[in-house]
Amino acid sequence: MMIPSSTQVSGLDDAGQDVFRGLLRQWERKRERNILRRSYRDMHVILSYLGASVPTYMRDALNVVCGWPGKAVTALAARCMWDGITVPSGAEDPFDLSMLLHANRFSLEVPQAIDAELTYSCSFMATLPGDVQAGDPAVIVSSASAEWATGIWDYRRRALSAGLMVTAVDDIGRPTSLVMMTPETVTAMTAGEGHGWQVEATRTHGLGRTPMELLAHQPSLARPFGRSRITREVMSITDRAVRAGYRMEISSDLYAAPALLLLGADKADFMDEDGKMTPLWTWYMGRLKTLPRDEDGQLPQLQVIPQQAMTPFLEMRRSLAAEFSAASCVPISSLGIVQDNPSSAEAIYASKEDLVIEATALNRANGYSLDRVVQNMVLLRDGGSAYDMDDELARVSTRWRNPAMPSVVSQSDAMVKQISAIPELAQTDVALEELGYTAEQIIRIRSQIRRAQAAGVLDKLLAGRAEDEAGPGEEPEDDQDPDTPEDEEAEDERDDGQDQDDERGRRRRRRRRRRVRGDDDDEAGR
């Protein structure tokens with residue numbers, strides 16, 4: 001339910017009241033279209049005109065719906081997978097944010113924000129100080145769709161100058177708690193008795209910018225809040241697909257029971273013994289069908305009226321699916337249309353190329369907003385300002401999984417070729433990212449590699465220390481393995497050979513000495 005833009009807030013100054021009214025007007029102006037898009041997403045739209053071929057009494061009985069608008073959202077959202085943050089230094093846990101991100105379920109919050117962004121054209125992500133004493137994390141990250149939040153865009157700073165988010169509603173969906181954010185303060189407001197609102201608390205945050213970031217799909221200079229995936233074209237095609245579904249259902253009933261034309265029959269032929277009319281369906285489904293001759297002795301003539309084939313309706317649905325595929329970049333095979341001939345791998349990739357390109361552009365736009373969200377988390381936790389953040393924090397970047405989602409085989413083959421050309425690439429985290437490993441898996445891989453390397457170095461150090469203690473030329477006892485019988489026999493053979501060599505050497509030395517003495521005696525005789 002809406003809050004009138006003329007609502008007065010007790011305890012809010014005039015400047016804050018003007019900002020609050022501007023936010024309410026912005027919210028009120030977009031809310032009707034946002035509700036319509038949610039109705040198409042949830043398949044709750046009731047068409048006002050179904051055509052002359054659909055009887056009024058069959059509309060509620062059949063309840064035909066079409067889920068293509070939801071497919072337009074989820075097909076793109078599924079290819080935008082947040083995979084952590086990176087910094088130029090390559091730290092595994094930059095700014096000690098892992099616990100804070102986990103406490104806020106950031107990996108689940110981002111996909112929900114992207115889903116709302118694609119449904120309504122934009123979503124919002126706010127960073128607010130948490131109540132640690134009450135069990136909150138130091139910083140709370142909250143996401144909201146355009147149906148429950150809004151903002152005022154500052155064209156000069158290219159950011160939100162103010163933001164408003166509904167934080168609580170009652171049993172019938174009426175807002176009971178609001179948070180208004182500006183570059184200086186965060187103001188919490190609650191609904192009082194009747195229709196009045198009052199300020200519950202006002203707190204300065206010191207960021208120097210609004211602690212709310214805009215996630216917009218396909219933003220432009222004229223439309224900074226982006227465009228929804230559920231466009232007017234998508235809604236029009238969905239309406240036509242629903243009408244075609246009604247006609248197909250009615251035609252299938254008629255096709256299952258062909259129309260009969262009975263000529264020359266009397267009404268009394270279809271009455272029972274009590275004079276009541278026999279249902280025509282009972283007569284048609286009976287095993288034995290008989291009719292008497294008329295007063296002229298002629299037999300009634302039964303003619304079957306040929307029914308319309310289902311092929312035109314199937315071709316109509318195929319045509320609408322092709323039109324929807326062109327409008328949303330969703331492959332026609334994802335809309336339930338099966339081709340006669342199976343597509344090749346190249347054809348399958350080509351059908352998804354437009355969606356991959358759009359997902360890459362969406363990741364680039366959302367990455368800038370999520371970078372600022374991470375910066376706000378660090379600054380609010382550490383008490384800093386956006387004007388004096390260090391270079392490491394200013395250059396933080398969001399990491400995304402590859403939206404093309406290549407197979408493991410093709411991805412591995414491509415990385416092997418790149419590493420063969422640049423061998424140093426194998427030592428980087430980029431190679432592991434391109435191989436498809438998540439941030440958690442990369443941390444585990446690096447940790448286990450370092451543990452294995454440290455164990456190897458320790459073994460070498462222990463082996464060297466043992467050699468030093470054993471002395472030169474000796475082997476440490478710990479390193480000597482017990483000899484087997486085969487080893488002992490081989491060692492005996494080596495000793496015997498060595499003994500034989502020593503005996504022959506002694507004989508040679510004795511002959512040499514004798515020759516030397518003989519030469520000396522001859523010299524003395526002369």
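Keep in mind the model is a prediction, meaning the values are calculated, not measured.
- Residue pairs satisfying the salt bridge (charged side-chain N to carboxylate O under 4.0 Å, His left out) criterion with at least one member in residues 12-21, sequence neighbours excluded, are absent.
- Ser177 is linked by a side chain to side chain donor-acceptor pair (under 3.5 Å) to Thr167, counting only residues two or more places apart in sequence or in another chain.
- For Glu353, there are no side chain to side chain donor-acceptor pair (under 3.5 Å) partners two or more places apart in sequence or in a different chain.
- The side-chain tip of Arg158 does not point at the ring of Trp153 from less than 6.0 angstrom away and within 45° of straight on.
- Annotation: side chain to side chain donor-acceptor pair (under 3.5 Å) contacts involving residues 128-146, sequence neighbours excluded, comprise Glu109-Ser143.
- Among residues at least two apart or in separate chains, salt bridge (charged side-chain N to carboxylate O under 4.0 Å, His left out) pairs with a member in residues 33-44 are Arg38-Glu147, Arg41-Asp115.
- Remark: the backbone N or O of Gln218 is not paired with any side-chain donor or acceptor of Glu358 at under 3.5 angstrom.
- Between the Asn104 side chain and the Leu100 main chain, a donor and an acceptor come within less than 3.5 Å of each other.
- Counting only residues at least two apart or in different chains, side chain to side chain donor-acceptor pair (under 3.5 Å) contacts with residues 321-332 comprise Arg240-Glu323.
- Atom CE of Met389 and atom CG of Leu207 lie 8.5 Å apart (nearest 0.5 Å).
- Sequence neighbours left out, the pairs with a member in residues 63-91 that pass side chain to side chain donor-acceptor pair (under 3.5 Å) are Ser89-Glu392.
- Of the possible donor and acceptor atoms, one in the side chain of His205 sits under 3.5 Å from a partner among the backbone N and O of Thr182.
- The salt bridge (charged side-chain N to carboxylate O under 4.0 Å, His left out) pairs that include a residue from residues 211-221 are Glu213-Arg372, where partners are two or more places apart or lie in different chains.
- A distance-only check finds no donor-acceptor pair linking the side chain of Ser121 to the backbone of Ser228 [under 3.5 Å].
- Applying the side chain to side chain donor-acceptor pair (under 3.5 Å) criterion to Arg395, with sequence neighbours excluded, gives Asp391.
- By the side-chain contact (heavy atoms from CB on, under 4.5 Å) test, Arg223 pairs with Ser220, Arg227, sequence neighbours left out.
- Looking at Ser236, its side chain never comes within 3.5 Å of a backbone N or O of Arg232 through a donor-acceptor pair.
- At distances below 3.5 Å, not a single donor-acceptor pair connects side-chain atoms of Ser98 with backbone N or O atoms of Asp93.
- Within 6.0 Å of atom CD1 in Ile449, more than 12 heavy atoms from other residues, nucleotides or ligands are found, so the atom counts as buried in its surroundings.
- Applying the salt bridge (charged side-chain N to carboxylate O under 4.0 Å, His left out) test to every pair with at least one member in residues 408-426, sequence neighbours left out, gives these pairs: Asp413-Lys417.
- Every side chain to side chain donor-acceptor pair (under 3.5 Å) that Asp371 has, sequence neighbours left out, goes to Thr398.
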